[in-house]
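Below you'll find the structure, written out as structure tokens, and then a few comments.
In this chain, residues are counted from 1 in sequence order.
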Amino acid sequence: MIYNEHTELALSTIFAKVCEIGNPDRKTVKDVADFMLKASSLHHNSPIYADIYENKIEFDKGKKRYVPTKIDKLFFDFDHEKQSVVESDINLVIERLKERGIPEKDMIKVWTTGKGDHLYCRLKPLINPTKEEVMEYQRKMKAIQFAVSQCYCNDKPHLLHSVDTKVFAEFSRIARVPGIQRFDNKMFPTVVHLTKP
């Protein structure tokens with residue numbers, strides 16, 4: 001089962017141009033309609049993911065390489081056994097991002113139905129960047145990610161308890177799509193209120 005309106009909303013606001021579906025066996029798709037068709041037939045027995053960043057795919061000595069053509073988001077992944085820890089961390093990150101000039105309207109929170117949430121922040125897009133621009137953008141994203149993911153719950157600063165600091169520098173990153181039923185627990189990831197659990 002798929003809630004088309006939720007999925008189409010997610011694909012148009014959170015995700016980039018859809019090029020592939022699935023993980024780790026990723027299948028090429030032509031467009032959103034093709035994505036929806038494949039998602040409808042595959043979600044009963046396979047996880048359904050979509051691209052976050054807009055890339056073109058190149059092959060170097062037979063190895064797939066993702067070359068960014070549009071970068072316009074920060075991506076945060078929060079996972080912890082205790083949902084209260086996730087909520088505390090994500091609320092802190094939201095406040096720190098707001099302090100750095102990212103308005104609430106440019107943040108989207110997705111409940112993945114598992115033990116965490118995703119947070120996406122829209123940024124000024126970088127379109128068809130040079131290699132140098134991509135590297136500089138990655139440095140800036142890592143700096144922001146590190147700055148907002150610090151915790152001071154004891155005497156020694158450390159990373160927040162549930163945030164994954166590795167994921168958003170990977171331009172081949174894919175994530176669950178709201179509105180598409182998960183095959184494992186039959187629940188639906190969904191966009192949720194930014195600061196309410």
Open item on the list: Quiz question: by atom type and distance under 3.5 Å, do the side chains of Asp89 and Ser162 form a donor-acceptor pair?
Closed with: yes
- [ ] Any chance you could lay out the side chain to side chain contact (heavy atoms under 4.5 Å, CB included) test for Lys38 and Val29, step after step, and finish with the verdict?
- [x] CA-CA 8 Å; Lys38 285 188 169 78; Val29 295; 3.6 Å; yes
- [ ] Following the transitive rule for hydrophobic clusters with a side-chain heavy-atom cut-off under 4.5 Å over Ile, Leu, Val, Met, Phe, Trp and Tyr, establish whether Ile174 and Met141 coincide in one cluster.
- [x] no
TODO: Identify the heavy atoms of Ile52 and Ala175 that sit nearest to each other, and give their distance.
DONE: CD1-CB, 3.9 Å
Open item on the list: Working to the nearest 0.5 angstrom, can you tell me the gap between Leu194 CG and Met107 CE?
Closed with: 6.5 Å
TODO: Report whether Leu159 and Val85 are members of the same hydrophobic cluster (ILVMFWY, side-chain heavy atoms less than 4.5 Å apart, transitive linking).
DONE: no
Open item on the list: Side chains of Ile71 and Lys73, heavy atoms from C-beta outward: is any pair under 4.5 Å?
Closed with: no
Open item on the list: Among Lys56, Lys30, Lys64, Lys27, exactly one meets salt bridge (charged side-chain N to carboxylate O under 4.0 Å, His left out) together with Glu20. Which residue is that?
Closed with: Lys64
Task: Neighbour count above 12 (heavy atom, 6.0 Å) for Lys186 NZ - done: yes
Task: Lys115 bridged to Glu81 by N-O distance under 4.0 Å - done: no
TODO: Find the distance between CD1 (Ile108) and CD1 (Ile14) and round it off to the nearest 0.5 Å.
DONE: 4.5 Å
TODO: Determine, stepwise, if the pair Arg176 / Val110 fulfils side chain to side chain contact (heavy atoms under 4.5 Å, CB included).
DONE: CA-CA 9 Å; Arg176 291 190 185 278; Val110 175; over 6 Å; no
TODO: Please check if the side chain of Ser12 supplies one atom and the backbone of Glu8 the other of a donor-acceptor pair under 3.5 Å.
DONE: yes
- [ ] Indicate yes or no for a side-chain donor-acceptor contact from Ser149 to the backbone of Phe146 under 3.5 Å, with no hydrogens or angles considered.
- [x] yes
Open item on the list: If I compare all heavy atoms of Gly116 with all of Gln83, which pair ends up nearest, and what's the gap?
Closed with: N-OE1, 4.2 Å
Open item on the list: Contact between Phe78 and Val93 at the side-chain level, heavy atoms closer than 4.5 Å - yes or no?
Closed with: yes
- [ ] Could you walk me through whether Leu126 and Val134 pass the side chain to side chain contact (heavy atoms under 4.5 Å, CB included) test, one step at a time?
- [x] CA-CA 9 Å; Leu126 188 64; Val134 168; 5.5 Å; no
TODO: Would you indicate whether the side-chain heavy atoms of Val163 and Asp77 approach each other to under 4.5 Å?
DONE: no
Open item on the list: Does any part of the side chain of Gln181, heavy atoms only, come nearer than 4.5 Å to the side chain of Pro189, both counted from C-beta?
Closed with: no
Task: Between NE2 on residue His161 and SG on residue Cys153, distance to nearest 0.5 Å - done: 3.5 Å
- [ ] Please examine the side chains of Met36 and Val32, heavy atoms only from C-beta on, and report whether any two atoms are closer than 4.5 Å.
- [x] yes
Task: Side-chain (Asn55) to main-chain (Ile57) donor-acceptor, under 3.5 angstrom - done: no
- [ ] Report yes if some heavy atom in the side chain of Leu11 is under 4.5 Å from a heavy atom in the side chain of Val18; otherwise report no.
- [x] yes
Open item on the list: Looking at Arg96 and Gln150, would you say the former's side chain and the latter's main chain have a donor-acceptor pair under 3.5 Å?
Closed with: yes
TODO: Answer yes or no: does atom CE of Met187 have more than 12 heavy-atom neighbours from other residues, nucleotides or ligands under 6.0 Å?
DONE: yes
Open item on the list: Any non-hydrogen side-chain atom of Arg26 less than 4.5 Å from a side-chain atom of Ile21?
Closed with: no
Task: Atom of Ala147, atom of Arg100 and distance for their closest heavy-atom approach - done: CB-NH2, 3.6 Å
Task: Flag, side chain of Thr13 to backbone of Leu9, donor-acceptor distance under 3.5 Å - done: yes
Task: Check: Asp31 side chain, Asp34 main-chain N or O, donor-acceptor pair, under 3.5 Å - done: yes
TODO: Assert yes or no for the condition that the ring centre distance of His118 to Phe75 is strictly below 6.0 Å.
DONE: yes
TODO: Would you confirm whether the ring centroid of Tyr66 sits within less than 6.0 angstrom of the ring centroid of Phe171?
DONE: no
Task: Glu87 and Lys109 ion-paired at < 4.0 Å - done: yes
Task: Nearest heavy-atom neighbours spanning Pro178 and Phe15 - done: CD-CE1, 4.0 Å
Open item on the list: If you apply the rule side chain to side chain contact (heavy atoms under 4.5 Å, CB included), what do you find for Lys70 with Tyr53, and how did you get there?
Closed with: CA-CA 7 Å; Lys70 182 181 179 186; Tyr53 303 109; over 6 Å; no
Open item on the list: Restricting to non-hydrogen atoms, name the atom on Asn23 and the atom on Tyr49 that form the minimum distance, rounded to 0.1 Å.
Closed with: CB-CD1, 3.5 Å
- [ ] For Cys19 and Asp51, work out which heavy atoms get closest and say how close.
- [x] N-OD1, 3.0 Å
TODO: Please say which of Tyr3, Trp111, Phe183 ends up in a ring pair (Phe, Tyr, Trp, His ring centres under 6.0 Å) with Phe188.
DONE: Tyr3
Task: Student check: side-chain heavy atoms of Thr112 and Asp117 closer than 4.5 Å - done: no
TODO: May I ask you to say whether Glu133 pairs ionically with Lys140, meaning some side-chain N is under 4.0 Å from a carboxylate O?
DONE: no
Open item on the list: Checking the side chain of Asn154 only, and the main-chain atoms of Lys156 only, is there a donor and an acceptor separated by less than 3.5 Å?
Closed with: yes
TODO: Test salt bridge (charged side-chain N to carboxylate O under 4.0 Å, His left out) on Glu54 and Lys17 and set out the steps.
DONE: CA-CA 5 Å; Glu54 193 162 331; Lys17 178 181 176 184; 5.1 Å; no
TODO: Please name the residue in the list Ile90, Asp164, Leu160, Leu97 that meets the side chain to side chain contact (heavy atoms under 4.5 Å, CB included) test with Phe76.
DONE: Leu97
Task: Lys/Arg N to Asp/Glu carboxylate O, Lys98 vs Glu104, below 4.0 Å - done: yes
